[in-house]
Amino acid sequence: MPFKATILSLYPDMFPGPLGHSLSGRALARALWALETVQIRDFATDKHRSVDDTPAGGGAGMVLRADILAMAVDAAAPAGDPRPRLLMSPRGRPFTQERAHELASGPGAIIVCGRFEGVDQRVIDSRELEEVSVGDYILSGGEVAAITMLDAIIRLIPGVMGNIESADTESFETGLLEHPHYTRPAAFENMPIPDVLTSGNHQKIHEWRMAEAERLTRERRPDLWESYMADEDDVD
Ligand code: SAH
């Protein structure tokens, strides 16, 4: 069974969206992963098909109702479904490349996309939804977050990426940001390609790329640099 994503959303038409193109789109066509969408509104019970209500305790906005979302989750993920149940949420644990690998090697994921102010806490607790964040900013809904997360996962599914080697040196895979890239033309607006890259000396090229990766990480991401240095110390 390939990786299967089941998306619960009020906007299922947003899928596959960008995931239907390029690498992930070809992989979807080749059945290297599968996509299922569930319209949360289909589980509404009143004649207006409403799914949200005002927050208990007052305040702005609306909250996705626990009973309706719980029915949608139960239908999408019957007992015994081994896939993790994720809720896209800015309060969640930050999504990382490491988690992308973990999920890519598993059976798939059930992904709940929030809207409005979020979802009733009781459905998070009772259905054991794991909150996952794609960054410290607020999106208007979980769909774009889910697409972001899935894009990162899908390219790691075996067979999806042709050149597996290009994955290994990528930013975050080594604990460092990746080195800069150059291609033709040899001179662009008076800026040449660094000599070392056209020297044919593979050892020197490797050293230059490593030094650049370290410089960029040190300058831009002191947090990554610190844990990279700590790991290096462990190796010594
Ligand atoms: N009131 C909430 C934000 C709601 S945003 C709060 O302050 O925490 C509406 C929905 O968008 C959320 O339920 C979630 O599903 C999605 N969302 C917004 N930002 C996100 C992020 N950074 N990562 C993942 N999902 C996000």
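Just so you know, ligand 1 is whichever comes first in the structure, and atom 1 is the first atom listed for that ligand. We count residues from 1, following the sequence as given.
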- Looking only at atom types and distance, does a side-chain atom of R155 sit under 3.5 Å from a main-chain N or O of S24, one as donor and one as acceptor? no
- Item | Close N or O approach (G135, ligand 1; < 3.5 Å) | yes
- Message: Keeping R85 on the side-chain end and R127 on the backbone end, is there a donor-acceptor pair under 3.5 Å?
- Response: yes
- Are the side chain of D74 and the backbone N or O of P78 linked by a donor-acceptor pair below 3.5 Å? no
- Joint hydrophobic cluster, I205 plus L177, side-chain heavy atoms closer than 4.5 Å: no
- Message: Closer than 3.5 angstrom, by distance alone: can the side chain of T174 be matched with the main-chain N or O of T169 as a donor-acceptor pair?
- Response: no
- Query: Of all the non-hydrogen atoms in the protein, which one sits nearest to atom 13 (O) of ligand 1, and at what distance?
  - Reply: G114 CA, 3.4 Å
- Query: Which atoms of ligand 1 sit under 4.0 Å from any heavy atom of Y137?
  - Reply: 19 (N), 21 (C), 22 (N)
- Message: Looking only at the side chains, is there a donor atom on one of Y11 and Q39 sitting less than 3.5 Å from an acceptor on the other?
- Response: no
- Item | Closest protein heavy atom (residue, atom, distance) for atom 24 (C) of ligand 1 | S89 N, 3.3 Å
- Message: Among all the protein's non-hydrogen atoms, which is closest to atom 7 (O) of ligand 1, and how far away is it?
- Response: I138 CD1, 4.2 Å
- Message: So I7 and C113, do their side chains get closer than 4.5 Å, heavy atoms only?
- Response: yes
- Message: Taking only non-hydrogen atoms of F116, do any sit less than 4.0 angstrom from ligand 1?
- Response: yes
- Note on the structure: The answer for which part of V112 has a heavy atom under 4.0 Å from ligand 1 is neither
- Task: Could you tell me whether ligand 1 has any atom less than 4.0 Å away from a heavy atom of L64?
- Result: no
- Note on the structure: Min over V144, L87, T148, V134 of heavy-atom distance to atom 23 (N) of ligand 1 lands on V134
- For ligand 1, is there an N or O atom under 3.5 Å from any N or O atom of A145? no
- Give the single entry among S140, P90, G141, G118 that approaches atom 21 (C) of ligand 1 most closely by any heavy atom. P90
- Message: Just by distance, no angles: are the side chains of E178 and S171 close enough, under 3.5 Å, to form a donor-acceptor pair?
- Response: no
- Task: Decide yes or no for E212 and P180: does some side-chain heavy atom of the first lie under 4.5 Å from some side-chain heavy atom of the second?
- Result: yes
- Message: Are any of the N/O atoms on R91, whether in the backbone or the side chain, positioned under 3.5 angstrom from an N/O atom of ligand 1?
- Response: no
- Item | Protein residue, atom and distance nearest to atom 2 (C) of ligand 1, heavy-atom basis | E117 O, 3.3 Å
- Message: Just so I know, are the side chains of L19 and L28 near enough to count as touching, which here means a heavy-atom distance under 4.5 Å?
- Response: no
- Message: Whether the side chain of R93 engages the backbone of S133 through a donor-acceptor N/O pair (distance < 3.5 Å, no angle test) should be reported.
- Response: no
- Query: What atoms of ligand 1 come within less than 4.0 Å of a heavy atom belonging to S133?
  - Reply: 22 (N), 23 (N), 24 (C)
- Note on the structure: A student checking ligand 1 against G142 at a 4.0 Å heavy-atom cut-off should list atoms 11 (O), 15 (O), 16 (C)
- Could you tell me which atoms of ligand 1, counted from 1 in the order shown, lie closer than 4.0 angstrom to a heavy atom of V132? 24 (C)
- Item | Identity and distance of the protein heavy atom lying nearest atom 5 (S) of ligand 1 | L139 O, 3.3 Å
- Task: Can you pull out the closest protein heavy atom to atom 15 (O) of ligand 1? Residue, atom name and distance to 0.1 Å, please.
- Result: M88 O, 2.6 Å
